[in-house]
Protein chains: 2
Amino acid sequence: MDMKLKQQASAITELTFDLLRCCEAKEKMFAKDHGLKVAEFRCLRIVEAGKSYSVQELATSMHLSPSRLTRIIDGLFAEKLVDRVQSIEDRRFAKISLTNKGQTLVGKLKEEYADLHGEMLKDISSEDRDKIYNGISLMQGLVSTWLVRNA
Amino acid sequence: MDMKLKQQASAITELTFDLLRCCEAKEKMFAKDHGLKVAEFRCLRIVEAGKSYSVQELATSMHLSPSRLTRIIDGLFAEKLVDRVQSIEDRRFAKISLTNKGQTLVGKLKEEYADLHGEMLKDISSEDRDKIYNGISLMQGLVSTWLVRNA
DNA sequence: CACTATTTTTGCGTTTAGCAAAGAAAATGT
DNA sequence: ACATTTTCTTTGCTAAACGCAAAAATAGTG
């Protein structure tokens, strides 16, 4: 009886596809409104204040190539949003971290991006919000492990 | 007490963001494996056999500009996957539809893309699949209406 | 110290995307 | 009837996003 699975898979495929398009549009709008390129916004969004990252770490967590990350970081560095120093222990490594200016911006960015989602979520019940959280959480886990196995 | 909302919004923001990156990687892999550009796959995925579409229809449903669509269709046309004819009633309109070759491909594409998701979903319970469906469905609706209002 | 492995950067080509202007056809006003 | 405006698509141009392969720099190893 995995007719059921097939049907569910089909529906979820369709829905995820649509969600993706919408969220991409949403990200693009948000980045533009804040004077950032989409790639820059995506990168800033994952660096935490105080921590430092290698190019590779950022690349893998963004699902991009290291060379691509070099370019994105170039941009952020030019805007003085991140520092880039050679690691002392192993000078092959770069250590990328937020400048003060970067920290301020990222703080604002995260705040406002969450607010945007708050705006979307404010008219539904708390239970429905939990349903969204649980559903997306499950899906994210599945896609993520699938990717690891198939990449 | 909309502290709760803020917290939920924050968590959903984070999760959606991660899901997005993974699904983009997934789409890219799938398109590449089928010898298609990502944009082409995305376009083919929304055209149904037997129907015909204007450039604008495709553009809006893909959240892209008409000019971008012209180029994507150029590519599909060159590969003889779609036909492009002038509408007889109003010759400003283009009527884009799948060729036989296109129909065959799209059928296979949809089948295999759903199978890929079936593969991901096969090890969880039917109830959890419903949770995913419900969660993503809710979210998709919210983002979609938000976009309409804010674009 | 030569050789190999790792990390990042550079050069280059491809893909994705939109804007503004042009082109073509229909609708509208006078 | 025909000039004007509107609508739909395409073209020319530019920017952004991205990865591959080679180079550069450093570390580790026989």
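Values below: every heavy atom of this structure, side chains too, minus hydrogens, waters and symmetry copies. The sequence lines fix the lettering, A, B, ..., with proteins before strands; numbering per chain opens at 1.
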*C/dA24 P sits how many Å from B/R91 CZ, rounded?*
12 Å
*Taking C-beta and beyond as the side chain, do A/R45 and A/L109 meet within less than 4.5 Å on heavy atoms?*
no
*What is the nucleic acid contact for B/K28, judged by heavy atoms within less than 4.0 Å: base, sugar-phosphate only, or nothing?*
sugar-phosphate
_Nearest whole Å is fine: how far is D/dA17 P from A/E40 CD?_
7 Å
*Grab the CZ-P distance between B/F77 and D/dT10 for me, whole Å please.*
11 Å
_Taking any heavy-atom pair under 4.0 Å as a contact, classify A/L69: base, sugar-phosphate, or nothing._
nothing
*Going by distance alone, is a donor N or O of one side chain under 3.5 Å from an acceptor N or O of the other, for A/H63 and B/K26?*
no
*Aromatic rings A/F30 and A/Y113: how do their planes relate, parallel, tilted or perpendicular, breaks at 30° and 60°?*
tilted
*Starting at atom CD of A/E89, determine the distance to atom P of D/dA27, rounded to an integer number of angstrom.*
11 Å
_d(NZ, B/K37; P, C/dG13) in whole Å_ = 17 Å
*Between B/E111 and A/K6, is there a salt bridge with N-O shorter than 4.0 Å?*
yes
_Using OP1 and OP2 only, check whether a side-chain N or O of A/R92 sits under 4.0 Å from C/dT7._
no
*What is the distance from CZ of B/R42 to P of C/dT15, rounded to the nearest Å?*
15 Å
*A/R68 near the nucleic acid: base, sugar-phosphate alone, or nothing, with a heavy-atom cut-off under 4.0 Å?*
base
*Side chain of B/S67 - closest among C/dA17, C/dG18, C/dA25*: C/dG18
*Quick one: on DNA chain C, does A/D74 or A/F93 contact a more 5' nucleotide (nearest heavy atom)?*
A/F93
*Whole Å only: how far is the CZ atom of A/R21 from the P atom of C/dT16?*
12 Å
*asked:* Using a heavy-atom cut-off of 4.0 Å across all strands, would you classify A/I72 as base, sugar-phosphate, or nothing?
replied: nothing
_Check A/K95 with A/D83, please: is the shortest side-chain N to carboxylate O separation under 4.0 Å?_
no
*asked:* Need to verify one output field. Residue with the more 5' nearest nucleotide on DNA chain D, A/D90 or A/S65?
replied: A/S65
*Between A/E24 and A/P66, just flag the one whose closest nucleotide in DNA chain C comes earlier from the 5' side.*
A/P66
_Side chain A/R71 and base C/dG11 donor-acceptor under 3.5 Å_ = yes
_So if I take every side-chain heavy atom of A/A39 and compare against C/dG18, D/dC18, D/dC8, which nucleotide ends up nearest?_
D/dC18
_Rounded to whole Å, please give me the gap between CG in A/L64 and P in D/dA17._
11 Å
